[in-house]
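Data first, discussion second: the structure below is written as structure tokens.
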Amino acid sequence: MLRVTLRGVRAHAVRFALSVLAVALGVAFVAGTFALRTMMSDTFHGIVDAQAPADAYVRGAEPLPGGAGASGGVGEARTPVPLTLADDLADVDGVRLALPDVSGPVVLVGADGTAVQSTQAPSIGIATDPRDPSLQVVDGRVPAVAGEVALEEATLASSGLAVGDRTRVVLGGAVTDVEVVGEVSAGGPLAGATLVFLDRDTGVATYAPDGTVATVAVYAQGGVDEDALTAAVAAALPDVPGGADAEALTGSVLRADLQADVDQMLGFVTTFLLVFALVSLFVGAFLIANTFQMSVRQRVREFALLRAVGASPGQVFAVVVGQAVVVGLVGAALGVLGGLGLVSVLRVVLERVGMDLAGDVPLEGATVALCLVIGTVVSALAAAVPARTAALVPPVEAMRGDVSAPERSLRRRAWAGGALLLLGAAAVATAAARPALDAAEVLLGGGAAAVLAGVLVVAPTVARGALRVLAAPAVRLLPPMGRLARGNVTRNPRRTAATAGALVIGMALVGAVSVIAASAQASLVRVVESSTSADLVLRSATGMIPAGAIDDVRALPAAGDVAEVAFTPAGVSAAPGADADAAADGPAGGAVVGLEPGVLGGAVLVDVEEGDVDDLDDASAVVNTRVAEGEWHVGDDVTVTTPTGARTLTVAAVIDTQVLGTPLIVTRDVLDALTPEVQVDTVFLDAAAGTDGTDLRVAVADAVAPYVVVSVQDRDEFVDAMAAQVDQLLVILYALLGLSLVIAVLGIVNTLALSVIERTREIGLLRAVGLGRLQLAGTVTVESVLTAVFGTLVGLAVGVGLASVMPRVYADDGLDRLVLPWGQLLTMVLLAAVVGVLAAVWPAARASRLRVLDAIASE
Amino acid sequence: MTTPIASARALTRTYGRGDTAVRALDGVDVDFARGRLTATMGPSGSGKSTLMHCMAGLDRPTSGTVVVDGEEVSAMSERRLTRLRRDRLGFVFQAFNLVPTLTALENITLPLDIARRPVDRAHLDAVVQAVGLTDRLGHKPAELSGGQQQRVACARALVTKPAVVFADEPTGNLDSASAREVLSFLRRSVDELGQSVVMVTHDPTAASYADRVLFLADGRVVDELTDPTPDTVLDRLGALTRRTAAAPAAAAL
């Protein structure tokens, strides 16, 4: 039987080619995802190792309430340790060297006069100590005095600068002229991070003005191991100033902690990519099932003959599934190669935009094995139902002249799919009706999945009717072709629906994302429009506006009110002993905003729910209910904790705003008192009385130009900029669209090509009675377009329908407008028609090349 | 005799090349009379189907000329052949005559649809009535009996008022009653409408409906018979089979 199986695949190689391609495509995504993950993981682990090369570390003993990292680093924020700890620990037995970690944000101006920044990676300024053993000077020297910097290798390359060049950096809010005195290696690729090494004194003055740092790195003397060193340091800590609140840990432990954080972040990326892979494999399974269904129908006689000469139904089943396994294995093997190719290309692209990744494209045995298993199993499962059909062919069919596998009734399908559909719709409706339910999101997600699955099951039962309606214009306008095409697509609704299935899934995703994106955009624009009255908005590409820029703008005669939105990472929690209802358990949020008096309700418009925002003073705070967890009221006490201090304040007002993304707003004085690490990310600006808006804009643009990263926007531009963030969602949309279209085209090509083979005699007859080649090609094309448009309409209907529920469920999260992007949806349908035409090219050419006599005479 | 509706001169058709070449038609000269039913008979491999395929423009002769209704078929491009088949010829095949997705009526008017010619209602009604299918027009082929399917095919062949109808074993798959219906219909179309019909068959009874029977053997026309009866056809056929069987022996002498 093995011989029969393999000969069958070989004899029908062309027939299975597209199935192989479908498996390859899905598996390529899986393999590519894993390879990319390994590469990114290696790179980031390399960065962690390079950043934390010491044998032991000293850090604050207590994690901060409220969590977020103090200076954008990985890992949880902790209380800081004194800078002096480094010198105090240097004398401990076994310690060769103790260096404080003095680092923070910086902006480097490249040779082209713009800020050096690649992708989303951070720019970090680091104070250098000439004794630091992790510094490897490639060229020149390390900076010794103020006005000198050294750059990391990749940073130097992407900045276009060279050792000896002069440039500027924005440091601690001021623009400083510097000379590049050296090139330094950080020991490996940094995934695009910009590293600027500063002299020690400048670094300390900028990043540790209060004399505290996050960690102190400790290096061991020769012959002292990590554990012994850490134990010695830990023993010494209680006796040095500030050491009581610090803890010591080995370098390996810290690195493991940091790497765990990195892996968690990469986990999201991996999950996202795997969803793509899953969608493409699922869609590929449709294609395979379809192929085998058709192939089995065509080979009924062959199977009957096998049965007649004594094969058992199980053996026939095994033949078909065995062929699917061969298809799966070949496809998966190609897919693994394809995936690695994909990642190699991606790597080159990422390098172009400045994100270097470590090492070669990895080829792990486990990944390869997993991919082969996935490809084979998906393929075998997809062929199971057709295989069963083949197994049940009665031997007598071999003797019959006219062979046709009977179409099974669609009734059971209609019931099952209908039930699934109703169940899903009910779940979604429940979520929409009661968005406050804890399970609302689960209901929405599960319901949506059930609706989509239900639609796929039901599709064949509605396909006939729907296609008749869709085909009506074609039947009317293209006399013989329209009618013939309609007949062909409605002849086997199961097959047409399965072929369109790929597009249904893809278009459901596309439809949903486009509705959500349009709705989010509209919601955001409305929020922004009703949130500020300022003439101009200043923002920064690095998320931080240098203080010098703000001072310069303030000094302009054209500038009226200047409102800074300053923030700092901080923990916010109900004050100890406060009313138990006041806050949910645990801390909330990760940052606090500080505003000058009068800004709230002035430049920043907010909805006041309780109290009065004008009551905000240095002893009080304003709670933003949109972000804050728990229930807050005027008069509640709240504690704000930063690495350098804590303050208990009384709630003066409760507001609701999306403009400020923090749970708590305090006065700027309170914020400055709490921490030296205040960042300003947005400045709202009004023109002085009697000044024209255009003049203001020109003046401000000139004033901030030296700071490179600051952008000036008027209200409309600000709204556009906020809306543009939503456009990033659309990038995902296009990726989904591209992928689903590719697989959909494959599916349609496959079905058409196979049905052309199946209908050879019918085609011969049509040609004999005078159907021209172009008319025949036209018929195949109309068929293809009908299938594509059918799938697209069903998919879009499902996606748009489900997404329409989102604003009801997520109204509290800011998605409160429902906008249906009709233009975009219509484009999708037109695109589907184009896809249909493209998919028809090869099968149509194939059909019209059939020679009439051969077609008539064919078996 | 008036000018023939279709004729072939020195018609040769060779399949394959070199040692394996098969001469399916070997210099055939033949005329098919206008307004007559002509049957072509012969044993398997005699070339009778190839002759019909070449006459109908479905196959291209290796050499020689074919003229149908005054036009030289053998010199036509593929495009003109398609138009010829659509407008001037009618076809009835042994099996698989109808497009399964179209109704009987749609199948009948298919050539008109393809040509985008308006349907001549009166002619259509006459044809449909003649084949006796008035009440089955809305059915799909799968819902019709074998005989009914062949009658639909005949109606389709006649609806364009073609110059010639080519019928390739039209009764090959039918029981005798159904075969009689189909043959009587073809006969009537000749007698009443003046249609020219060329029919390939191996059934002496079917051949007896013709005005004239041509006998082919080894790619040549070897005999013919006018106003045949089943018995005379069977006689000639018998003689033909004996002669074919005797040929190798004669060659050996």
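First the proteins, then the strands, lettered A, B, ... as listed; each starts at 1. Please read these numbers as outputs of a predicted model, since none were measured by experiment.
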Can you tell me if [atom1] on [X] sees more than 12 non-hydrogen neighbours from other groups inside 6.0 Å?
X: B:Arg220; atom1: CZ; result: no
X: B:Glu78; atom1: CD; result: yes
X: B:Arg80; atom1: CZ; result: no
X: B:Arg79; atom1: CZ; result: no

Any non-hydrogen side-chain atom of [X] less than 4.5 Å from a side-chain atom of [Y]?
X: B:Thr160; Y: A:Val769; value: no
X: A:Leu766; Y: B:Val99; value: yes
X: A:Arg773; Y: B:Thr82; value: no

Reported OG1-to-CG distance for the pair B:Thr101 and A:Asn492, which is rounded to 0.5 angstrom: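 Nearest 0.5 Å value for the OG1-CG distance: 12.5 Å.
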Distance (rounded to the nearest 0.5 Å) between A:Leu765 CG and B:Asn107 CG: 7.5 Å
So which heavy atom on [X] is nearest to which on [Y], and how close?
X: A:Pro480; Y: B:Arg116; value: CD-NE, 4.3 Å
X: B:Pro100; Y: A:Arg491; value: CG-NH1, 3.5 Å
X: B:Phe93; Y: A:Ala768; value: CZ-CB, 3.8 Å
X: B:Leu102; Y: A:Arg483; value: CD2-CG, 3.6 Å

Contact class of B:Leu84 relative to chain A, heavy atoms under 4.5 angstrom: neither
Portion of B:Arg156 that has a non-hydrogen atom of chain A nearer than 4.5 angstrom: side chain
Per-residue contact mode, A:Arg767 against chain B (heavy atom under 4.5 angstrom):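 Both parts, backbone and side chain.
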